[in-house]
Structure formats: structure tokens, C-alpha cells
Asks: 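Quick one: structure below, then a few questions.
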Amino acid sequence: MNWLGGSGDASSRRSGTLTVLDVGSNKVCCMVAKLKPNDDGKLLRGRSHRIQVIGIGHQKSQGVKSGVIVDLDRAEHAIRLSVDAAERMAGLTVDSLIVNMTAGRLKSESFSATINLGGHEADEADVKRVLGAGAKQALKAEREVVHSLPVGFSLDAERGVRDPRGMVGDTLGVDMHVLTGDAAPMRNLELSINRSHLSVERMVATPYASGLAALVDDELELGAACIDMGGGTTTISVFSEGKFVHGDAIAIGGNHVTLDMAKGLSTSLDAAERLKVMHGSALPGSADDRDLVSIQPIGDDGDVPLQIPRSVMTRIVRARIDETLELLRDRLNKSGYGNAVGKRVVLTGGASQLAGLPEAARRILGRNVRIGRPLGVAGLPEAAKGPAFSAAVGLLIYPQMASFESHPAKGISGLRMTGTGGKLHRMSQWLRDSF
């Protein structure tokens with residue numbers, strides 16, 4: 001399988017196959033999709049291709065805790081199973097894929113760089129040169145660059161230039177958003193995929209992917225935050241003027257709510273998870289004291305389950321949810337992008353389906369909140385249309401957005417990064433040529 005979809009004639013050159021893998025703390029999901037060029041530009045802006053999912057496989061995650069691989073063998077087993085299922089459904093064999101990454105203390109930084117144009121027109125090479133100059137500053141020991149993205153270009157004194165190619169000026173400047181992560185968790189994630197005889201095409205930060213899938217055009221343009229609440233981690237991304245300008249991650253997710261309930265009600269994890277899904281809410285209700293929920297205590301083989309008021313459960317859930325949201329609010333305010341977000345926050349990810357969560361988020365973040373589902377992708381089975389699949393769908397959208405992304409030569413364990421003639425470079429080249 002290659003990205004360029006077979007022989008060189010025009011019709012097949014323009015359609016490619018793309019495979020993505022979302023390795024989470026709760027589930028591992030693999031999607032295989034066909035990309036077809038868009039005939040009408042009516043779809044979401046910036047998307048040059050239509051995406052049709054032709055294969056999907058997902059498994060309960062193993063060996064992953066808070067987004068970090070803690071057991072290589074078990075993680076490899078879960079990855080293998082989900083990729084196998086997707087391959088069988090799509091009827092093809094996968095050799096390389098785009099993977100998301102949540103762990104590794106993601107950190108956003110801004111850099112600026114300028115180069116001298118000497119009054120001539122800016123061309124592709126100049127853009128590459130200024131992006132390279134910006135990206136160079138970001139290389140730190142023990143950190144890997146996950147994304148280095150131009151937020152805006154400037155020509156002489158004019159700021160806010162979207163695409164400087166073909167424009168004339170003396171100095172070309174760029175403001176870059178560079179997202180870095182710890183090297184070790186990234187290497188271990190890649191290792192578990194390599195052991196399944198697959199190669200990693202590109203790693204994409206989970207917050208970036210989720211934002212691409214769940215935000216609509218106006219939100220991307222006016223500025224919005226996307227909060228992806230997963231099982232083991234919660235990530236946040238800020239988009240402004242169509243660009244990804246800030247990303248962050250905290251190692252708290254839906255599993256922590258389950259854990260709190262299991263401890264607080266002294267019941268098993270499975271029972272706590274079931275209670276959370278069936279009766280859990282972050283919003284106290286008026287009948288909570290009267291409503292009784294039955295619980296099977298750990299190690300108690302008696303036939304009589306305990307009856308507790310639902311309010312006891314709601315208090316446990318609410319304490320953890322409030323703490324998580326307060327942490328996110330503080331991170332957002334500290335980031336300096338609170339104003340860019342304005343009143344728009346989109347919640348997505350599996351844990352965002354908890355009852356009463358949007359209300360709790362409105363109360364604590366003081367902003368408008370909606371639940372975001374993956375947008376603009378055809379062929380998803382009904383079960384995969386929920387917020388839990390935003391990150392995986394975002395990975396399918398990502399290559400269409402990757403044309404300007406610059407990567408320093410140092411890739412994760414020698415990955416062929418964009419701009420070094422690797423597959424993703426050919427992919428973005430192919431996407432650009434396909435208009």
C-alpha cells in the first residue's frame with residue numbers, strides 16, 4: 001500500500017489510502033480511509049479531500065496508563081488486534097500509519113525568526129528557510145519536537161500575512177508555535193508499533209487532532225478551545241485564525257472518576273465503571289437523596305447488595321470533575337490564550353459523555369460549552385460517531401493541513417519527517433498537486 005494510491009495515471013494519483021492509529025488509555029483504535037479530491041469547495045474549509053472510512057478496528061487498551069506505555073507486550077497485542085481488524089474490513093495490508101501522542105508532558109512555546117529577502121519575491125525555498133530558522137530554536141535535550149507550525153508570517157512591517165509566497169519585501173518573518181514532548185514516551189510508543197511490524201509515518205499531538213475533528217470553521221477562525229477528555233489524560237488545544245496556537249495535557253481522565261468511585265464506595269473497578277456510565281452525573285439532581293443505587297461491595301459474596309443514595313455517588317464524581325476543570329481553567333488562563341478562546345469551548349473524547357459535564361464546564365470555565373463529535377468524515381459506523389473517536393478522525397484530517405509544517409532534521413529515532421522526502425512529504429505534495 002502506498003500513499004499515492006498505485007500507478008501514475010491522474011485518476012489514481014489523486015486518491016490515496018491513509019491509515020491512522022489512536023493509542024489511548026481505554027481503547028486502541030485503527031482506521032483505514034480513502035481520500036478523494038473534493039470537487040466542490042463546499043465542505044469544511046481547508047479540506048482538499050473527502051474522507052471515506054473503509055476499515056475500522058478497536059480494542060480495549062492494554063499496557064497503557066495515562067497515555068504512557070507501561071507494558072510493551074500487552075500494548076503491542078492490543079495494537080496488533082485493532083490493526084488486524086481494520087485491515088480485514090478494508091481488505092488491504094497496512095505498513096505505516098499516523099499515530100497520535102498524548103503523553104510526555106506536552107509543552108507549547110512560541111518562537112519568531114526572520115530572514116532577509118532583499119526585495120525579491122518570497123518563494124517556497126524562502127518559506128522553508130524561515131520555518132527552519134524558527135524550528136532550530138526549539139531543539140532541546142531530551143525533548144522531541146512534535147509540531148512546529150507557523151502561526152503567521154510578516155513581510156517588513158506588515159504582520160498577519162497568511163501565505164507569503166509570491167509577495168515582495170525585504171525581510172520575511174514568521175511566528176512559530178512549537179509543541180515538544182518528552183523523548184522516552186514517544187520512543188516507547190513507536191517501539192510498540194514497530195514490534196507489530198508497522199512503521200510510524202508521523203506522530204501528531206492528540207489535542208491538535210481532536211481540535212481538527214471537532215471544531216467547525218467559525219470556531220477555528222474566531223478562536224476556540226477544544227478539550228479532549230480521555231480515559232487516562234485530558235488534553236486541551238487552542239485554535240485562533242484557523243491555526244493551532246497552543247496545546248497542553250494533564251494526566252487526569254475518566255478512569256480517575258471510576259477509581260474514585262471504586263475507592264469511595266468500596267466496590268470493584270468494573271462495578272464502578274458500570275455505575276458511572278448508568279447513573280453517574282456531575283450535576284446534583286433534586287431526587288438524588290431519595291434515589292437509591294445498589295452496589296456490590298468487594299469481597300462480599302452475600303446476595304444482598306448495599307443500597308446507597310445516588311447523592312453519595314454524585315458527590316464523588318463531582319469532586320473529581322470540578323478539580324479537573326479547575327486545573328484546565330488555570331492552564332488556559334496561564335497560557336495567555338484565554339482571550340483568543342473567547343466564549344467558545346468544545347468538549348470531546350470518551351469521558352465527555354458523562355451526564356451533567358457540559359453544565360459543570362459552563363459553571364467552572366465561565367464559557368459556552370458544547371459537546372463536539374467528529375465532523376466531515378463518511379463511512380463511520382454508528383458506534384464510532386461519538387466524541388470518543390474525535391482523535392482518530394482528526395488524524396485522518398491532519399495530512400491535508402500539514403503542508404506548511406516544518407520539521408528539524410532530527411526526527412524521532414530517524415523518522416523520515418516532512419521536508420526530508422519521506423512519505424508524508426510526498427503525501428502533502430500529492431495533496432497540494434491534486435487541486
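Everything numeric in this text was worked out from a predicted model, so none of it was measured.
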Asks: Atom CG in Asp270, atom CG in Leu275: separation rounded to 0.5 Å?
Replies: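 Going from CG on Asp270 over to CG on Leu275, the span is 11.0 Å.
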Asks: Considering only heavy atoms from C-beta outward, does the side chain of Leu354 approach that of Ile321 to under 4.5 Å?
Replies: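 Side chain of Leu354 against side chain of Ile321, heavy atoms only: contact under 4.5 Å found.
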Asks: Supply the atom-to-atom distance Ile397 CD1 to Leu212 CG, rounded to the nearest 0.5 angstrom.
Replies: 6.0 Å
Asks: Taking the side chain as everything from C-beta on, heavy atoms only, tell me whether Arg195 gets closer than 4.5 Å to Ile79.
Replies: no
Asks: Kindly say whether Gly349 contributes a backbone atom to a donor-acceptor pair with the side chain of Ser352 at under 3.5 angstrom?
Replies: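 Such a contact is found between Ser352 side chain and Gly349 backbone.
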Asks: So that I can tick it off, tell me whether Arg318 and Glu323 are bridged by a salt bridge, with the cut-off set at under 4.0 angstrom between side-chain N and carboxylate O.
Replies: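 Judged by the 4.0 Å cut-off on N to carboxylate O distance, Glu323 and Arg318 do not form a salt bridge.
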Asks: What's the separation between atom CD1 in Ile227 and atom CD1 in Ile236, rounded to the nearest 0.5 Å?
Replies: 4.0 Å
Asks: Do Arg165 and Asp123 sit within salt-bridge range, that is, some charged N less than 4.0 Å from a carboxylate O?
Replies: no
Asks: Under 3.5 Å, side chain of Arg143 to main-chain N/O of Thr180, donor-acceptor pair present?
Replies: yes
Asks: Count the heavy atoms belonging to other residues, nucleotides or ligands that lie under 6.0 Å from CG of Asp330, then report whether that count exceeds 12.
Replies: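 Check passes, neighbour count above 12.
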Asks: Taking the basic N atoms (NZ, or NE/NH1/NH2) and the acidic carboxylate oxygens, is any pair closer than 4.0 Å for Asp260 and Lys263?
Replies: no
Asks: Just so I know, are the side chains of Cys30 and Thr19 near enough to count as touching, which here means a heavy-atom distance under 4.5 Å?
Replies: yes
Asks: With a 4.0 Å cut-off, would you call Arg363 and Glu359 a salt bridge?
Replies: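 Answer for the salt bridge query: no.
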Asks: Quick check for you: to the nearest 0.5 Å, what is the distance between Ser96 atom OG and Arg202 atom CZ?
Replies: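 The distance works out to 13.0 Å.
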Asks: What's the separation between atom SG in Cys226 and atom CZ in Phe244, rounded to the nearest 0.5 Å?
Replies: 10.0 Å
Asks: Within the 4.5 Å heavy-atom criterion, are Ser240 and Val245 side-chain neighbours or not?
Replies: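 In short, these two side chains touch, coming nearer than 4.5 Å.
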Asks: Between Arg187 and Glu190, does any NZ, NE, NH1 or NH2 come within less than 4.0 Å of an OD or OE carboxylate oxygen?
Replies: no
Asks: What's the verdict on side chain to side chain contact (heavy atoms under 4.5 Å, CB included) for Thr314 and His279, showing C-alpha distance, side-chain angles and the deciding distance?
Replies: CA-CA 9 Å; Thr314 306; His279 307 286; over 6 Å; no
Asks: Salt bridge (charged side-chain N to carboxylate O under 4.0 Å, His left out), that's the test. Do Glu326 and Arg329 meet it? Break it down for me.
Replies: CA-CA 5 Å; Glu326 281 160 9; Arg329 180 192 60 198; 5.1 Å; no
Asks: Side chains of Val146 and Met186, heavy atoms from C-beta outward: is any pair under 4.5 Å?
Replies: yes
Asks: Do NZ/NE/NH1/NH2 and the carboxylate oxygens of Lys107 and Glu109 come within less than 4.0 Å?
Replies: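 Judged by the 4.0 Å cut-off on N to carboxylate O distance, Lys107 and Glu109 do form a salt bridge.
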Asks: Evaluate the criterion side chain to side chain contact (heavy atoms under 4.5 Å, CB included) for residue pair Val127 and Phe153; output intermediate values, then yes/no.
Replies: CA-CA 9 Å; Val127 172; Phe153 293 94; 4.1 Å; yes
Asks: Under 3.5 Å, is there a donor-acceptor pair between the side chain of Ser196 and the main chain of Leu198?
Replies: no
Asks: Nearest 0.5 angstrom please: Leu269 CG to Lys276 NZ, how far?
Replies: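 It is 10.5 Å, given to the nearest 0.5 Å.
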Asks: Quick one: does Glu219's side chain have a donor or acceptor within less than 3.5 Å of a partner on Val216's backbone?
Replies: yes
Asks: Using the ring-ring contact (aromatic ring centres under 6.0 Å, His included) rule, collect all pairs that involve residues 83-110, keeping only residues at least two apart or in two chains.
Replies: none
Asks: Determine whether Val341 and Arg367 satisfy the following criterion, side chain to side chain contact (heavy atoms under 4.5 Å, CB included), listing intermediate values before the conclusion.
Replies: CA-CA 9 Å; Val341 171; Arg367 294 177 159 95; 3.8 Å; yes
Asks: Just jot down the side-chain contact (heavy atoms from CB on, under 4.5 Å) partners of Asn368, sequence neighbours excluded, or say none.
Replies: Lys343
Asks: Is the Phe111-His177 ring centre distance short of 6.0 angstrom?
Replies: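 No, the ring of Phe111 stays outside the 6.0 Å limit from the ring of His177, centre to centre.
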Asks: Would the distance check show the side chain of Thr235 and the main-chain N or O of Thr206 forming a donor-acceptor pair, the cut-off being under 3.5 Å?
Replies: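 Side chain of Thr235 to backbone of Thr206, a donor-acceptor pair under 3.5 Å: no, none is there.
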Asks: In the structure I gave you, are the side-chain heavy atoms of Ile250 and Arg331 within less than 4.5 Å of one another anywhere?
Replies: yes
Asks: With a 4.5 Å heavy-atom cut-off, do Leu21 and Ser82 have their side chains touching?
Replies: yes
Asks: Hey, does the side chain of Ser61 reach the backbone of Val28 with a donor-acceptor pair shorter than 3.5 angstrom?
Replies: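 Not at all, since once roles are kept as given, no pair shorter than 3.5 Å links the two residues.
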Asks: Is there a salt bridge (charged side-chain N to carboxylate O under 4.0 Å, His left out) between Arg344 and Asp218? Walk through the geometry before answering.
Replies: CA-CA 10 Å; Arg344 291 165 295 275; Asp218 290 350; over 6 Å; no
Asks: Are more than 12 heavy atoms, taken from residues, nucleotides or ligands other than Arg159, located less than 6.0 Å from that residue's CZ atom?
Replies: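 Count not over threshold, so no.
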Asks: So Val64 and Arg74, do their side chains get closer than 4.5 Å, heavy atoms only?
Replies: no
